[in-house]
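Note that these values count all heavy atoms, side chains included, but never hydrogens, waters or copies made by symmetry.
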Amino acid sequence: MSRGASSRDRLDDLDGEVSEVTSLLKDNVDKVLRRGDKLDDIQQKADDLESSSIQFKKRSTDLRRKMCCSNIRMTLILILVVVVIIAVIVVIVLMTVKPWEHSDSGGGNHGNKTITHG
């Protein structure tokens with residue numbers, strides 16, 4: 001009977017080892033599946049980030065164009081204002097000086113010399 005008991009003990013030990021290995025394998029499979037899920041989540045986040053970066057690039061390009069147009073418009077308005085101010089100053093100076101009413105030599109020949117033979 002000792003031999004039967006010894007076989008039974010050995011069989012119980014092997015059964016315990018098989019159960020332990022099976023449990024470890026199940027744990028490892030669970031860990032692999034969880035890691036796969038995490039990798040899927042990371043891949044989804046990477047895809048979302050790529051999509052967001054494409055949208056950001058498009059919006060930033062549109063905004064840059066809009067700001068460029070706004071800057072050009074403001075520059076043109078500034079140039080127009082400066083030209084109007086200069087025109088007003090010129091008109092004021094001309095109205096004050098009235099160069100068309102003055103003559104240097106009198107008689108209205110405006111400085112032209114006439115040669116007389118005689």
Side-chain angles (χ1 to χ4, degrees):
M1 284 235 169
S2 141
R3 186 172 185 179
S6 171
S7 292
R8 192 162 286 277
D9 288 340
R10 176 85 174 130
L11 196 57
D12 287 341
D13 288 342
L14 287 175
D15 189 40
E17 287 179 20
V18 167
S19 294
E20 186 178 332
V21 169
T22 303
S23 175
L24 286 173
L25 285 174
K26 286 180 182 179
D27 286 344
N28 287 339
V29 167
D30 286 342
K31 287 178 183 177
V32 167
L33 290 176
R34 278 183 280 170
R35 186 169 47 149
D37 289 342
K38 287 180 183 178
L39 288 175
D40 289 343
D41 290 344
I42 290 172
Q43 181 64 42
Q44 182 62 40
K45 288 178 182 179
D47 292 343
D48 292 344
L49 185 60
E50 181 182 13
S51 175
S52 295
S53 69
I54 290 169
Q55 288 177 352
F56 176 79
K57 183 177 180 181
K58 183 183 181 304
R59 288 179 183 166
S60 64
T61 302
D62 291 344
L63 180 61
R64 183 178 46 170
R65 271 194 213 116
K66 184 177 179 181
M67 293 307 294
C68 185
C69 289
S70 178
N71 287 340
I72 289 171
R73 186 177 21 238
M74 291 305 290
T75 302
L76 291 175
I77 289 171
L78 182 64
I79 289 171
L80 180 66
V81 167
V82 168
V83 167
V84 167
I85 290 172
I86 291 172
V88 167
I89 291 172
V90 167
V91 167
I92 290 173
V93 167
L94 288 176
M95 294 303 286
T96 303
V97 174
K98 296 181 183 179
W100 56 88
E101 291 181 359
H102 297 301
S103 67
D104 293 337
S105 62
N109 62 7
H110 301 289
N112 293 335
K113 293 183 181 181
T114 57
I115 300 175
T116 57
H117 298 287

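- Atom CG of L76 and atom CZ of R73 lie 9.5 Å apart (nearest 0.5 Å).
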When you look at L63 and R59, which way does the side chain to side chain contact (heavy atoms under 4.5 Å, CB included) test go after all the steps?
CA-CA 6 Å; L63 180 61; R59 288 179 183 166; over 6 Å; no
For side chain to side chain contact (heavy atoms under 4.5 Å, CB included), just list the numbers for K66 and S70, CA-CA rounded to whole Å, side-chain angles, deciding distance to a tenth of an Å, and then say yes or no.
CA-CA 6 Å; K66 184 177 179 181; S70 178; 5.7 Å; no
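- No path of Ile, Leu, Val, Met, Phe, Trp and Tyr side chains, each step under 4.5 Å between heavy atoms, connects V93 with W100, placing them in separate hydrophobic clusters.
- With respect to V81, the side-chain contact (heavy atoms from CB on, under 4.5 Å) criterion is satisfied by exactly one of I85, I79, V83: I85.
- For R10 and D13, the salt-bridge test fails: no basic side-chain N is under 4.0 Å from an acidic carboxylate O.
- Atoms CE and CE, from M67 and M74 in turn, are 10.5 Å apart once rounded to the nearest 0.5 Å.
- Tested against L25 for a side-chain contact (heavy atoms from CB on, under 4.5 Å), the candidates T22, D27, V21 yield a single pass: V21.
- Annotation: side chain of S60 is not in contact with side chain of R64 (no heavy-atom distance under 4.5 Å).
- To the nearest 0.5 Å, the span separating CG on D47 from OG on S52 amounts to 11.0 Å.
- In this structure, L49 and K45 have side chains that are not in contact, with every pair of non-hydrogen atoms separated by 4.5 Å or more.
- Counting only distance, with no hydrogens or angles, the side chain of T61 and the backbone of K57 share a donor-acceptor pair below 3.5 Å.
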Between R65 and C68, does a side chain to side chain contact (heavy atoms under 4.5 Å, CB included) hold up when you go through it step by step?
CA-CA 5 Å; R65 271 194 213 116; C68 185; 5.6 Å; no
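- Side chains of Q44 and D40: no donor on one and acceptor on the other come within 3.5 Å.
- In this structure, CG on L24 lies 6.0 Å from CD on E20, to the nearest 0.5 angstrom.
- A salt bridge links D62 with K58; the closest basic N to acidic carboxylate O contact falls under 4.0 Å.
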